[in-house]
Amino acid sequence: MDARLADYVRGQWPSLVRYGTLLCGDAVEAEELVQTALVRVALRWPFVRDKDDPSGYVKRAIVHANITRWRRIRSREISTEQLPERAVADGSDALVEHDLLRRALAQLPPRQRAVLVLRYLDDMTEQETAAVLGCSVGTVKSQAHKGLAKLREAYAADGVLQ
Amino acid sequence: MSDIEQLLRESLHSAPTPTPKLSDPVTTIERRTLRARALVAGAAAVIAIGVAAGIIVPLSALGHSRASGVVVSPAQSPTPRPSPTSAADEQLIWMGANWVATAPTGLPWMVYVDSSGPNGGTRLAQLVTNKMPRYRVRVQTPADMPVPGRNIVWVVGFVDGSGAHSRVSAVTTSGRLVATQAYPGKLLTYSTVVGDDLYMIDGGNAAGARIDRLRLVNGRITMTSVAAPMAETVWSTKNGEVWAQTTSKLVEITDSGSGIALGTSVSWRGDIVGTVTDESAPDALWAWDGSRLVQLSPALLTQGVSVAEGARLALPGRAGAAVSSPDGGVFVSIPDGARTGVYYYPRDQFGAGQPRPSATLDGVQAVMICADPRGGVDVLDNDAIVQEWNPRP
């Protein structure tokens, strides 16, 4: 492995796993997801333009790996109406809100989840998001709209957003 | 921005960082990359004299936006550094190749992106002796990998992620595009060819992998397939046996008359790194058993490993790819670690306690190596440069 990529992996591994967790909803699966993406990056390393800061390339690889993974397991993945467990207030409303929202996010279909992570974590435009996901801007808009609506419903159900 | 959007943004940015279970991700990723490269490099295991030689390719290793091909003079050759003790000869033959593979009956073929104006595009071309490509057949994308058979050169490409799809084109060895076929939803990744039949792994199925066999019939591409849920790669031997590899087994793919079927299954956990094209072992594949390169005859594994293993060669590092030499020796690439490079071992070194290569390309990180009909190997390195290496005795 190229020394620059190795240094990047060593330094960014936890944050990449965090990113993967937000995308796929599971920290354990996220490690496998990020590994898969990094192997792909390592194989394509000669063609990575910005070798000193490959974050963008790596994150796109993780997004794509997650979509590929989802396509393979979609027959086994079931979105549920109800969240599996509710957060318990611990005195910090903000923490509870964020935790609830991330749980709700994890229940969204993978593509909606990816759209929301790219739009609101990576601050990508709709056009950039469409390019990464290989879909139209219209699809990004509709997926984001549906995803946000479901999050809003989940929050309303918890009485957080009324 | 609405409340929910603002909350979502804050929530995503404040998400806790999980404690990864993997303490040394670099080593793990290097190991997995090495395995993938071994499969890549195995694609090169087609020797010019082979009748049914096989190649294997991981298309996931390929980018779709490579630099356009540029012919440069051998004097500009930047990477190969023959060791002072070797009597090697290497020449740069192409820059910017997507992929290169040697045909069973001729010169190497490559896929490259020609970005020279409106007539550019992805092209299949044959590298001839004057280092200039000929034919330059424009093919529809995705098109990543040439898979040369006896009379047909297949070109395979795929796009993964959402909207995954693949495309296969068939071009005659005289450079005429015969057929092209898109496969929506399919992820046609690893492939091998027997005669002119193309075998591929389709990884795009929710229920698991399938093996597809493509055949050109009356100018049309026809497909038959069999479910092989755990299959990861597919290889073929010189005598035409086709073997799918899972993490722990090799499963023979047989012709059922009306299609293809799963045949004998044998246990094998090592890597497969090439096709043995030596006449003495036409049923064998080059395999890495963890410490040695071995000639493995999969069908004989039912009688025991010691029966199935032929020639053995201890190496200074993990083998990424092996290519038989017409004089009975073997070219081996070690793509990672302190002994990264490409090595040539004469036949008399097989079985030696401490085998010595007679020539090396020190430090060259080969993405793949493939047999060159002029006697050596063509090496595609990490910079997309193709070089011919022909060690002289």
Side-chain angles (χ1 to χ4, degrees), chain A residues 1-2 5-7 9-10 13-18 21-22 27-28 30-31 34-36 38-40 42-47 63-65 67-68 71-76 94-95 97-102 105 111 114 116-117 119-121 123 132-135 148-149 151-152 155 160-161, chain B residues 1-37 40 58 60-67 159-164 185 187 203-209 336 365 367 381-385:
Chain A
M1 187 188 296
D2 184 278
L5 181 58
D7 287 345
V9 171
R10 286 191 193 94
W13 179 247
S15 67
L16 291 175
V17 174
R18 173 178 176 268
T21 305
L22 290 171
V28 174
E31 286 203 56
V34 175
Q35 282 184 49
T36 300
L38 286 170
V39 168
R40 199 167 293 180
L43 290 167
R44 293 179 173 177
W45 185 248
F47 309 99
V63 170
H64 280 286
I67 291 171
T68 302
R71 289 184 74 252
R72 289 176 179 163
I73 67 170
R74 61 187 169 187
S75 62
R76 288 178 276 139
L95 284 177
E97 283 180 3
H98 291 157
D99 185 59
L100 277 170
L101 199 55
R102 287 193 293 270
L105 179 72
R111 180 173 274 207
L116 295 182
V117 170
R119 293 278 288 120
Y120 297 103
L121 179 63
D123 291 324
V132 168
L133 296 178
C135 62
L148 288 171
L151 294 185
R152 193 174 283 111
Y155 256 52
V160 179
L161 283 181
Chain B
M1 182 176 289
S2 67
D3 287 349
I4 194 71
E5 287 176 295
Q6 184 60 37
L7 269 172
L8 176 59
R9 185 185 299 280
E10 291 171 3
S11 177
L12 289 171
H13 284 278
S14 65
T17 301
T19 304
K21 294 184 176 175
L22 203 58
S23 59
D24 185 7
V26 171
T27 301
T28 302
I29 291 163
E30 279 185 331
R31 192 182 309 121
R32 290 182 59 173
T33 305
L34 189 61
R35 179 175 170 80
R37 280 211 181 97
V40 175
S60 60
L62 302 174
H64 291 277
S65 57
R66 304 274 170 109
V159 173
D160 61 4
S162 60
L187 279 176
N205 304 288
D336 285 289
Q365 193 172 39
V367 173
D381 71 15
N382 248 345
D383 294 316
I385 293 170

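Because only heavy atoms are used, hydrogens play no part in the values below, and waters and symmetry mates are left out as well, while side chains stay in. Order of the sequence lines sets the chain letters (A, B, ...), proteins ahead of strands, with each chain counted from 1.
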- Task: Name the region of A:Val28, side chain, backbone, both or neither, that has any atom closer than 4.5 Å to a heavy atom of chain B.
- Result: side chain
- Message: Could you check whether any side-chain heavy atom of B:Pro25 comes within less than 4.5 Å of a side-chain heavy atom of A:Arg10, counting everything from C-beta outward?
- Response: no
- Query: Looking at B:Ser14 and A:Arg102, what are the two nearest heavy atoms and their distance?
  - Reply: OG-NH1, 3.5 Å
- Output all residues satisfying side-chain hydrogen bond (donor to acceptor under 3.5 Å, both in side chains) with B:Thr17, sequence neighbours left out; order by chain, then residue number. none
- Heavy-atom pair of closest approach, residues B:Val26 and A:Ala6: CG2-O, 3.6 Å
- So how far is it from A:Trp13 CH2 to B:Asp24 CG, rounded to the nearest 0.5 Å? 10.0 Å
- Item | Residue A:Glu31 versus chain B: region with a heavy atom under 4.5 Å | side chain
- Query: Tell me, side chain or backbone of A:Leu22 under 4.5 Å from chain B's heavy atoms, or both, or neither?
  - Reply: side chain
- Message: So for A:Ala27, is it side chain, backbone, both, or neither that comes closer than 4.5 Å to the heavy atoms of chain B?
- Response: side chain
- Value rounded to 0.5 Å, distance of CG in A:Leu151 from CD in B:Glu5: 10.5 Å
- Item | Pairwise distance CD1(B:Ile29) to CG(A:Leu5) - rounded to 0.5 angstrom | 7.5 Å
- Shortest non-hydrogen contact from B:Leu8 to A:Leu148? CD2-CD2, 3.9 Å
- All heavy atoms of A:Arg18 vs all of B:His13, minimum pair found to be NH2-O, 2.9 Å
- Task: Measure across B:Leu12 and A:Leu116 and return the closest heavy-atom pair with its distance rounded to 0.1 Å.
- Result: CD1-O, 3.9 Å
- Pairwise distance OH(A:Tyr120) to CD(B:Glu10) - rounded to 0.5 angstrom: 13.0 Å
